[in-house]
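Structure, as structure tokens:
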2 protein chains.
Amino acid sequence: MSGDLREHAGAPTLEDVARVAGVSRATVSRVVNGVRNVDPGIQEAVRRAVVATGYAPNRAARALVTRRAGTIALVVSGVDGGCAGHDGPDAFAARVFADPFFGRVVAGVVGFLRPRATHPVLMFAETPAEREQVLGYLRQGSADGALIVSAHGEDPLPALVAAAGLPAVLFARPARPVPLSHVDLAHADGGRLAAEHLVARGCRRAATITGPLDVPAGQDRLSGFRDAMARRGQPYVPIVEGRFTQRSGEEAMARLLAEHPDVDGVFVGNDVMARGACQVLGEHGRRIPDDVAVVGFDDSAAATSGRLGLTTVRQPVEDMAAEMARLLQEHIETPERPVTSVVFAPELVVRESA
Amino acid sequence: MSGDLREHAGAPTLEDVARVAGVSRATVSRVVNGVRNVDPGIQEAVRRAVVATGYAPNRAARALVTRRAGTIALVVSGVDGGCAGHDGPDAFAARVFADPFFGRVVAGVVGFLRPRATHPVLMFAETPAEREQVLGYLRQGSADGALIVSAHGEDPLPALVAAAGLPAVLFARPARPVPLSHVDLAHADGGRLAAEHLVARGCRRAATITGPLDVPAGQDRLSGFRDAMARRGQPYVPIVEGRFTQRSGEEAMARLLAEHPDVDGVFVGNDVMARGACQVLGEHGRRIPDDVAVVGFDDSAAATSGRLGLTTVRQPVEDMAAEMARLLQEHIETPERPVTSVVFAPELVVRESA
DNA sequence: TTGAAAGCGCTAACAT
DNA sequence: ATGTTAGCGCTTTCAA
């Protein structure tokens, strides 16, 4: 091999590769970026020079001229003092990932981004200051756009991002309209699916443990369930509101059992709470599904992790997250692309619990 | 307000601010970066101009000249076909976050980084191709360094990163030595703590459900437990190996019960498995802790999410993750900084289960 | 204390 | 098909 591949300290640059290959920087750039109109022979020479020098394009330099960071932000946004208190410095992040839901979102996003050699920057925004930080980050051009997952319908971040004219896509429809694309699930249909299944297996005194009712998803699942039950002759459905945590599912079930000991079916707002409910039912000597049938929501890891497989309404979170990333990519590449919403259909997954 | 603040399309630049403030780019840069030796009056004028123009420094430009991306990578690394099969496109990510452990790592890292206006780029590396991608990403200068959390002791990524001369810090000691700093827990001490507690409450026939034994942490917890038990007159301890999942905890407990029906105490390798074990114990009519005492490991959300609080060995994951980030920062700022390892002490947290 | 000017490494016209 | 050149927006000597 030739001798003076590296005459200066830093990482090899386009210039270095060009010198070794005996061509101009522009040609190397073309080869590296896969632009055609380059002589195959030269292409080969350049490729060899790239390997010889150990060249890797400098991202900052590229971003500077292309005006693309080649990065997107994945923002998990909540509202200060949401459900649990504001414990440690970043208990929020830990709390967020306590639900398998967010792991699936990450999986879906990463699955879409990875083939494109892109990786998400993870951000949490719970306080106004943190929201400002997210905004600043985006405005610096550190990321080309944002994928926003709000823990609450009233989250102010989407509106701020939209107002700043930054590309963004939301997971779930915001409580009040925002000119941003979003993906969502037909939650009401999910509730209906659960109701039909419960009725079909003979439940006559079904109840429901809902998610937080200030989250549109929680509301929609409830109303879908309630409407379908009413249509099937059960206009009154006992309701207890939970917080999507296992603990809250336990408490809700205990209360339900105390107030309605004859309950024979429960539709629970998510799988994590459903697990808690099952636990309490077991402790109270109720057999599942014979005495009480339980239908969860999400089809998350919680649905299959226990002994008893949970019958549940599947939410294709990974697909939804991937679609969210795809939409964002489109908005970034085509700023004038109109805002849209993509709504996925839920699906009943029957296992042992109902 | 004055008129021609924006004469060209793009985002405002230093130049724009300088024009509005009536000073040079250099001065604006100084003010923005908090360099002293700037006349207070001018400082004020610049600050006003920044607000007036809505200026935000362009990160790519800054990174290009400072040779700092101002970003770090948080890499979760596994080995292809680890425990569960290679299901969906990115089941790995979902699987990873199914354990509350990683959420806590994220929380700790974010907690440290946020005040420094930095956010982690999340990457998963399970296959050789994915490891190459991580390496490429780092070599491009897209991130200044990496925080690596390996799911297996034999993970090849740390060695690759070290060989490339890239700043990185590991969570947990690698199976074979690598010239990289790491943080870790004194796992053996944790096992000892569990043993002492079990013996102290009168357990005479304790058993253990371990984590995967190809993970150093799993091994160390076991040997610490076993040694301490032996020293206290119980040289033989029944062992079943689990995979850190709730399901595997259930299976392990069922087996333990079948083979050693008289077991009166169990040390379980992590809280998630411990939950599974408790579940099975309950189903088999064993009261906890009276018939069988259960000690978990981690003190994760799983320890407090159920009805019965889990007695467990606390691993201060958030603190460890924050320390990892701090070490990385030092390595980035001081490349010649010698490699170190910071070992945290476990702590027994007594709740109801033992 | 402030300004002028030289790049950082890359892409994209434009010229050849 | 290839090379030349002009910046992208910023920091940072070096002069003044």
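The sequence lines fix the lettering, A, B, ..., with proteins before strands; numbering per chain opens at 1.
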Sequence neighbours excluded, the answer for ring pair (Phe, Tyr, Trp, His ring centres under 6.0 Å) partners of A:Y55 is none

Hits for side-chain hydrogen bond (donor to acceptor under 3.5 Å, both in side chains) against B:R25, two or more places apart or cross-chain, chain-then-number order -> B:E15

Contacts of B:E154 meeting side-chain hydrogen bond (donor to acceptor under 3.5 Å, both in side chains) (sequence neighbours excluded), chain-then-number -> B:R176

Hits for ring pair (Phe, Tyr, Trp, His ring centres under 6.0 Å) against A:F97, two or more places apart or cross-chain, chain-then-number order -> B:F97

Notebook entry, point to check: Does the side chain of B:S24 get closer than 4.0 angstrom to OP1 or OP2 of C:dA4 through an N or O atom?
Noted result: no

Residues at least two apart in sequence or cross-chain that pass salt bridge (charged side-chain N to carboxylate O under 4.0 Å, His left out) with A:R326, listed by chain then number, are A:E323, A:E330

With five pairs defining each end axis, the helix from C:dT1-D:dA16 to C:dT16-D:dA1 comes out bent, to 10°, by 40°

side-chain contact (heavy atoms from CB on, under 4.5 Å) filter on B:L160, not counting sequence neighbours, yields B:R131, B:L135

To the nearest angstrom, the CD1-P distance between B:I42 and C:dT2 comes to 4 Å

Sorted by chain and residue number, the side-chain hydrogen bond (donor to acceptor under 3.5 Å, both in side chains) partners of B:Q329 (sequence neighbours excluded) come out as none

Interatomic distance, CZ@B:R173 vs NE2@B:H182, rounded to 0.5 Å, equals 7.0 Å

With sugar-phosphate taken as primed atoms, P, OP1 and OP2 and all else as base, the protein-contact string of nucleotides 8-16 of chain C at under 4.0 Å (heavy atoms; B, S, -) is BBBBBB---

Applying salt bridge (charged side-chain N to carboxylate O under 4.0 Å, His left out) to B:E132 and not counting sequence neighbours gives none

Span of DNA chain D engaged by chain B, first through last nucleotide within the 4.0 Å heavy-atom cut-off, is D:dG9 to D:dT13

Sorted by chain and residue number, the salt bridge (charged side-chain N to carboxylate O under 4.0 Å, His left out) partners of B:R116 (sequence neighbours excluded) come out as none

